[in-house]
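In what follows, chains are A, B, ... by sequence order, proteins preceding strands, each numbered from 1. We use all heavy atoms of the structure for the numbers below, so side chains are in, but hydrogens, waters and symmetry mates are not. What you are looking at is a predicted structure, and each value in this text was computed from that prediction instead of being measured.
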Amino acid sequence: MDFLIQLFDKTIIGMIYSYFYHNMHNNMSEIKIICLAGATGSGKSALAAKLGHELDGVVINADSRQFYADFPIITAQPGPDETALCPHLLYGCLPATQKMSAGQYAQKASACIDEVLRQGKIPIVTGGTGLYFRALMHGIADIPPVPREVRQKWQEQCRELGSHALYDSLRNLDPDYAAKIHPNDRQRITRAMEVAEATGKNLTWWHQSQSGKRDLRYLYLGLGATLKELEPVLRRRIDVMLDNGALEEAKAALRHCADPKAPGWSGIGCAELFRALAGELTIGEAKDLWYKNTRAYAKRQLTWFRGEPDLRWIEKDNYNGILRMIKNLTITQG
RNA sequence: GCCGGGGUAGCUCAGUUGGUAGAGCAGUGGACUGAAAAUCCACGUGUGGGCAGUUCAAUCCUGUCCCCCGGCA
């Protein structure tokens with residue numbers, strides 16, 4: 001009996017030891033890139049720029065909206081204060097008519113990371129788009145682009161027949177994926193249908209054959225902030241953005257692209273100001289809606305990041321602690 | 001003061017030939033594999049303005065009082 005207990009103990013100790021051993025070797029030492037996530041308004045941009053300055057790093061965008069060139073103010077892209085501190089990549093480089101995607105992002109960001117590492121600097125990937133972080137760090141299925149006609153066809157089908165009808169078809173084509181999503185989820189249902197038609201393989205097949213996973217040694221940090229803390233910040237930020245010319249920015253963007261359905265216009269703040277400019281809402285109503293949507297978005301982000309197993313929460317007030325942790329874990333020679 | 005409309009969930013409102021009520025939005029939690037600032041899911045006890053009356057039973061009918069909106073004075 002004693003023998004068995006001893007054996008059991010040894011096994012447990014062995015498991016614990018190997019867990020830490022692997023963690024130390026795979027995640028903790030030789031960290032080469034820093035990922036800084038957090039809800040909108042939590043102060044990522046300022047912190048990232050400061051860290052970039054301190055550590056000789058380069059900030060790389062991980063925010064789907066901050067790609068859009070027409071909306072630097074409304075999407076809270078890093079301003080002169082930040083860009084003066086260190087180089088910033090992948091900000092403000094997309095026209096409102098063009099779409100970004102998680103796969104495209106992973107490729108672009110990956111290329112940027114390689115370049116930054118080649119320069120012997122530290123990539124600091126910063127943003128609020130959880131899916132982009134995941135695509136970058138864990139890879140994403142290597143699905144070829146779906147032709148526009150195919151995509152449009154399924155969107156129309158969904159509109160005409162309803163999502164439930166398409167869901168029934170999907171259950172035949174891809175029962176496993178259908179089981180994971182809801183019959184009301186038009187976006188995921190149409191996506192599954194278009195991929196199946198365009199590639200001849202269903203999404204489950206693609207997800208299982210996932211490639212593009214890189215062996216990135218990353219430190220995944222989440223800037224902690226509760227919704228309660230964020231609320232006043234987000235409320236105030238809207239006024240600050242308007243003072244800084246958000247409305248003029250939207251007007252100017254309208255000259256480049258007047259289609260409210262264009263990818264660039266779907267951002268929070270952009271959509272509300274578009275409706276205000278169209279006379280559909282007063283500025284006051286637009287502001288209220290803008291705030292509501294921003295708050296709801298921050299809440300969704302918190303839900304996402306809370307569920308990320310390898311994310312470590314950090315406190316914004318503890319700058320020196322953050323710096324010390326990063327320096328301990330980072331080998332800078334690239 | 002008179003006439004009319006109204007007071008129902010945090011907000012906007014629906015409904016009940018009288019059998020104690022439900023949508024949207026908001027809120028909370030959650031999901032998330034190429035639109036992700038997107039898309040979607042789950043969660044609904046509220047002195048039905050107060051009081052009194054009719055009734056087996058009132059949020060609904062009657063009376064009365066209070067409050068809001070519009071019109072007339």
In terms of the nearest nucleotide of RNA chain B, which residue is placed more toward the 5' end: A:A76 or A:R306? A:R306
Both A:Q155 and A:Q187 contact RNA chain B. Taking the nearest nucleotide for each, which residue is further toward the 5' end? A:Q155
Rounded to the Å, how far apart are [X] [atom1] and [N] [atom2]?
X	N	atom1	atom2	answer
A:Y105	B:A37	OH	C1'	15 Å
A:L302	B:C32	CG	P	17 Å
A:I181	B:C40	CD1	P	12 Å
A:L234	B:A37	CG	P	14 Å
A:Q301	B:G29	CD	P	15 Å

By the 4.0 Å heavy-atom rule, please label [X] as base, sugar-phosphate, or nothing.
X	result
A:G128	sugar-phosphate
A:R151	base
A:Y291	nothing
A:T294	nothing

Residue [X], side-chain heavy atoms: nucleotide from [options] that is nearest:
X	options	result
A:L203	B:A35, B:C32, B:G34	B:G34
A:I268	B:A36, B:U33, B:A38	B:A38
A:D142	B:C32, B:G34, B:A37	B:G34
A:R191	B:G34, B:U39, B:C32	B:G34

Centroid under 5.5 Å and tilt under 30°, A:H182 to B:C41: no
Side-chain donor-acceptor contacts of residues 250-262 of chain A below 3.5 Å, not counting sequence neighbours, with atom names and distances?
residue: A:H256; atom: ND1; partner: A:D70; partner atom: OD1; Å: 2.7
residue: A:D259; atom: OD1; partner: A:K261; partner atom: N; Å: 2.9

Please tell me if the side chains of A:T75 and A:D63 come closer than 4.5 Å, counting only heavy atoms from C-beta onward. no
Could a donor-acceptor pair under 3.5 angstrom be found where the side chain of A:R188 meets the base of B:A38? yes
Determine whether a donor-acceptor pair (one donor, one acceptor, N or O, separation below 3.5 Å) exists between the side chain of A:R300 and the base of B:A31. no
Near A:H53 NE2, under 6.0 Å, is it more than 12 heavy atoms from other residues, nucleotides or ligands? no
So for atom NZ, which belongs to A:K50, do other residues, nucleotides or ligands contribute more than 12 heavy atoms lying within a distance under 6.0 Å? no
Measuring only the [atom1] atom in each nucleotide, how far is [N] from [M]? A whole number of Å is fine.
N	M	atom1	value
B:U8	B:U45	C1'	13 Å
B:U47	B:G7	C1'	15 Å
B:U54	B:U59	P	15 Å
B:U28	B:G70	P	35 Å
B:U55	B:A14	P	32 Å
B:G1	B:U64	P	15 Å
B:G50	B:C11	C1'	23 Å
B:G4	B:U16	C1'	24 Å

Does A:K287 qualify as a cation-pi partner of A:W290, given the criterion of NZ or CZ under 6.0 Å from the six-membered ring centre and within 45 degrees of its axis? no
Between [X] and [N], is there a side-chain N or O to OP1/OP2 distance below 4.0 Å?
X	N	result
A:Y132	B:A36	yes
A:T129	B:A37	yes
A:N184	B:U39	no
A:T303	B:G30	yes

Sub-3.5 Å donor-acceptor pair from the side chain of A:T129 to the main-chain atoms of A:L131, do we have one? no
Flag for A:D176-A:T204: side-chain donor and acceptor within less than 3.5 Å: no
Between A:Y91 and A:H88, how do the two ring planes meet: parallel, tilted or perpendicular, split at 30° and 60°? tilted
Assign the ring pair A:Y177 / A:H207 to parallel, tilted or perpendicular, where the plane angle (0 to 90°) is split at 30° and 60°. perpendicular
Per the 3.5 Å Watson-Crick/G-U criterion and a run length of at least three, the stems involving RNA chain B are B:1-7 with B:66-72, B:10-13 with B:22-25, B:27-31 with B:39-43, B:49-53 with B:61-65
A:R236 bridged to A:D239 by N-O distance under 4.0 Å: no
For A:R275, is there an ion pair with A:E272 - N to carboxylate O distance below 4.0 angstrom? no
Answer with yes or no after comparing the ring centroid distance for A:W265 and A:F71 against a 6.0 Å cut-off, counting only values under it. yes
Scan nucleotides 24-28 of chain B against the protein and return all N/O pairs shorter than 3.5 Å with their distances rounded to 0.1 Å.
residue: B:C25; atom: O2'; partner: A:K292; partner atom: NZ; Å: 3.3
residue: B:G27; atom: OP1; partner: A:R295; partner atom: NH1; Å: 2.9
residue: B:U28; atom: OP1; partner: A:R295; partner atom: NH2; Å: 2.8
residue: B:U28; atom: OP2; partner: A:R295; partner atom: NH1; Å: 3.0

